Structure formats: C-alpha cells, structure tokens
> 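Pasting a structure below so you can have a look.
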Amino acid sequence: MLLARVEGNVVATRKHPSFEGWRFVICQPINNTGQPEGAPQVAIDPHGAGMHQRVIISSDGLAARKAVGDKKSPARWMIVGIVDEKEPGVPV
Amino acid sequence: MRMGLVIGRVTLSQTVPSLIGARWLLVSPFTREHFQHGCEPPAGLSKDPSLVVYDNLGGGVGQTIGYVEGAEATAPFDGPTPIDAINAALVDEIFYSPFEP
C-alpha cells in the first residue's frame, strides 16, 4: 500500500462498465516528508477524499473488485483510508 | 490505473489463440509533469518506457487513456489470458492541482 496525496480527479465517460458511478482520483505517492515520489496513480475512491488530503491507496485487485461488485472488473488501485495523523498526536 | 498517451497501434500476425483479433495500443505513460497539461500533454515521449496495452474500448492515436497493469488486467477475460496491461478508460478531462506546501 502507498501513502499518497490527492491531487486531482479524472473524468472518463467511456470506460469499463464496472466503473460506472465511481470517482477516479489522482493520487501522488509521497514519502514521509511529503515530497512526491514516482508517477501519480489513479485510484477509485469509495470514501470521498478531498483535494490535497493524504490517503492510503492499495493495489489489491480482489478488494477493488469486491468494492465495485463485478468479478470481471479491471479495478486495481483503490483508496482504502484517509490519513488524519501520521504519529499519535501529530495531526497531518 | 495509470494515465498514458496513445502514440501508435500494433497489429500482430502470429499470436496465442486467446488473443487472436485483439486490438493493441502503443502507449507512452504519463509522469508527474504530464498531468499539469491535462489532455494536451507536452510533445515527445515521456521518460518512462512505452508499453503495449490491450484495448477493447476503441482508443485512438493521440488520445489520453487510463490503463491497468498487473494481474488485474486479465480480470475481464473468461479464460487465462497472457496480458498485463488493459485499457480501462478513455479520458475526457483531467483536473489537476499539485500541492505546494
């Protein structure tokens, strides 16, 4: 799983039918100091993460397929949680 | 899912039976700099190596697509299929605002 920051979203009308109604969110993987590293991933978002929020994205396709409810969906990256503090007592 | 610019198409004359008649796109993946330009990325190829993506959505050259890599690319197929990248979305708009601390 990756710690990432939400930096935008993607609109695509023509897509695999299992993605109907799902938000495509651009997540930029970041390191512990917050610097971006690597290429941005586009993840589906069940939690409604806001802009510039830190999230945890997972590349487990099984959980993503369960979330979209389609065994044949090519879904892979999914936001599994929204970070509110990195260490105890240190708000993000 | 990763974004990429379609820079060409590939046609196979010999292939495994499960991929006969498949449509292939040659894609140059987006890096962080590409996102600032939305759907009109800077000319030229990106730093990352280009790849061939299975396509059944009808992506054309010059279009921006979202493709899925890894084992999940074989999910839409019934039988075992030897691919690891599939076109999952034809991108219309990209809204991007990088975070400046």
Side-chain angles (χ1 to χ4, degrees), chain A residues 2 4-20 22-30 33-45 50-55 57-79 92, chain B residues 1-6 27-39 41 46-49 51 53-60 63-79 81 83-101:
Chain A
L2 294 175
R5 173 179 289 127
V6 174
E7 288 198 338
N9 64 327
V10 169
V11 173
T13 45
R14 185 128 170 71
K15 55 200 171 191
H16 190 270
S18 65
F19 288 129
E20 283 308 323
W22 281 84
R23 245 177 105 226
F24 287 144
V25 174
I26 299 175
C27 302
Q28 169 64 56
I30 52 176
T33 61
Q35 300 311 317
E37 55 180 20
Q41 287 286 349
V42 175
I44 56 174
D45 177 18
M51 182 63 78
H52 294 164
Q53 257 191 326
R54 292 174 198 233
V55 291
I57 57 175
S58 160
S59 69
D60 170 24
L62 192 59
R65 283 195 294 275
K66 277 211 177 69
V68 296
D70 178 356
K71 273 197 335 302
K72 289 183 177 294
S73 161
R76 183 172 186 217
W77 286 99
M78 187 169 88
I79 291 182
V92 170
Chain B
M1 185 162 81
R2 282 201 62 194
M3 301 278 108
L5 170 69
V6 178
V27 173
S28 168
F30 271 17
T31 57
R32 185 165 159 68
E33 297 75 27
H34 286 79
F35 276 90
Q36 261 97 8
H37 300 278
C39 273
S46 85
K47 306 194 294 298
D48 297 343
L51 68 151
V53 172
Y54 178 90
D55 169 47
N56 54 7
L57 294 178
Q63 225 171 350
T64 302
I65 66 163
Y67 60 91
V68 171
E69 287 172 304
E72 285 73 20
T74 63
F77 296 90
D78 300 331
T81 315
I83 66 166
D84 72 347
I86 187 167
N87 179 8
L90 301 183
V91 172
D92 300 332
E93 294 276 337
I94 293 183
F95 300 99
Y96 182 71
S97 67
F99 175 73
E100 270 80 23

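Model, not experiment: these values are computed from the prediction. Every chain is numbered from 1 and lettered A, B, ... according to where its sequence line falls, protein lines coming before strand lines.
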> Chain A heavy atoms under 4.5 Å from Leu90(B): which part of the residue, side chain, backbone, both or neither?
both
> Can you tell which of Pro40(A), Ala43(A), Cys27(A) has the highest number of heavy-atom pairs within less than 4.5 Å of chain B?
Pro40(A)
> For Ser18(A), enumerate each residue passing the side chain to side chain donor-acceptor pair (under 3.5 Å) test, keeping only those at least two apart in sequence or located in another chain.
His16(A), Ser73(A)
> Could you have a look at Thr13(A), Val42(A), Ile30(A) and say which one has the most heavy-atom pairs with chain B under 4.5 angstrom?
Val42(A)
> Go through Gly70(B), Pro29(B), Pro76(B), Pro98(B) and name the one with the most non-hydrogen pairs under 4.5 angstrom from chain A.
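Counting heavy-atom pairs under 4.5 Å, the top option is Pro76(B).
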> Between atom CG of Asn87(B) and atom CZ of Arg14(A), what is the distance when rounded to the nearest 0.5 Å?
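Spacing of CG (Asn87(B)) from CZ (Arg14(A)) equals 9.0 Å.
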> Return the set of residues passing side chain to side chain donor-acceptor pair (under 3.5 Å) with Tyr96(B) (not counting sequence neighbours), or none when no residue passes.
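Scan of Tyr96(B) (side chain to side chain donor-acceptor pair (under 3.5 Å), adjacent residues dropped) gives Glu7(A), Arg32(B).
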> Rounded to the nearest 0.5 Å, how far does CG of Asp92(B) lie from NZ of Lys15(A)?
9.0 Å
> Would you say the side chain of Val91(B) lies within less than 4.5 Å of the side chain of Val11(A), judging by non-hydrogen atoms?
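No - every pair of side-chain heavy atoms lies 4.5 Å or more apart.
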> Which region of Asp78(B), side chain (C-beta onward) or backbone (N, CA, C, O), has a non-hydrogen atom less than 4.5 Å from a non-hydrogen atom of chain A, or is it both or neither?
both
> List for me each residue that meets side chain to side chain donor-acceptor pair (under 3.5 Å) alongside Gln41(A), sequence neighbours excluded, and say none if there are none.
Trp77(A)
> Which heavy atom in Ala88(B) sits nearest to a heavy atom in Phe19(A), and how many Å separate them?
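Shortest heavy-atom contact: CB-CE1, 3.9 Å.
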> Considering non-hydrogen atoms only, spot the tightest contact between Ser97(B) and Met51(A) and give its length.
OG-SD, 3.5 Å
> Can you pull out the residues in residues 58-66 of chain A with any heavy atom less than 4.5 Å from chain B?
Ser59(A), Asp60(A), Gly61(A), Arg65(A)
> Quick check for you: to the nearest 0.5 Å, what is the distance between Lys72(A) atom NZ and Glu72(B) atom CD?
14.5 Å
> If I measure from the heavy atoms of chain A, does Thr31(B) come under 4.5 Å with its side chain, its backbone, both, or neither?
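Just its backbone gets close to chain A.
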> Please look at Arg5(A) and chain B and tell me whether the side chain, the backbone, both or neither of the residue comes under 4.5 angstrom of a heavy atom of that chain.
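The answer is the side chain of Arg5(A).
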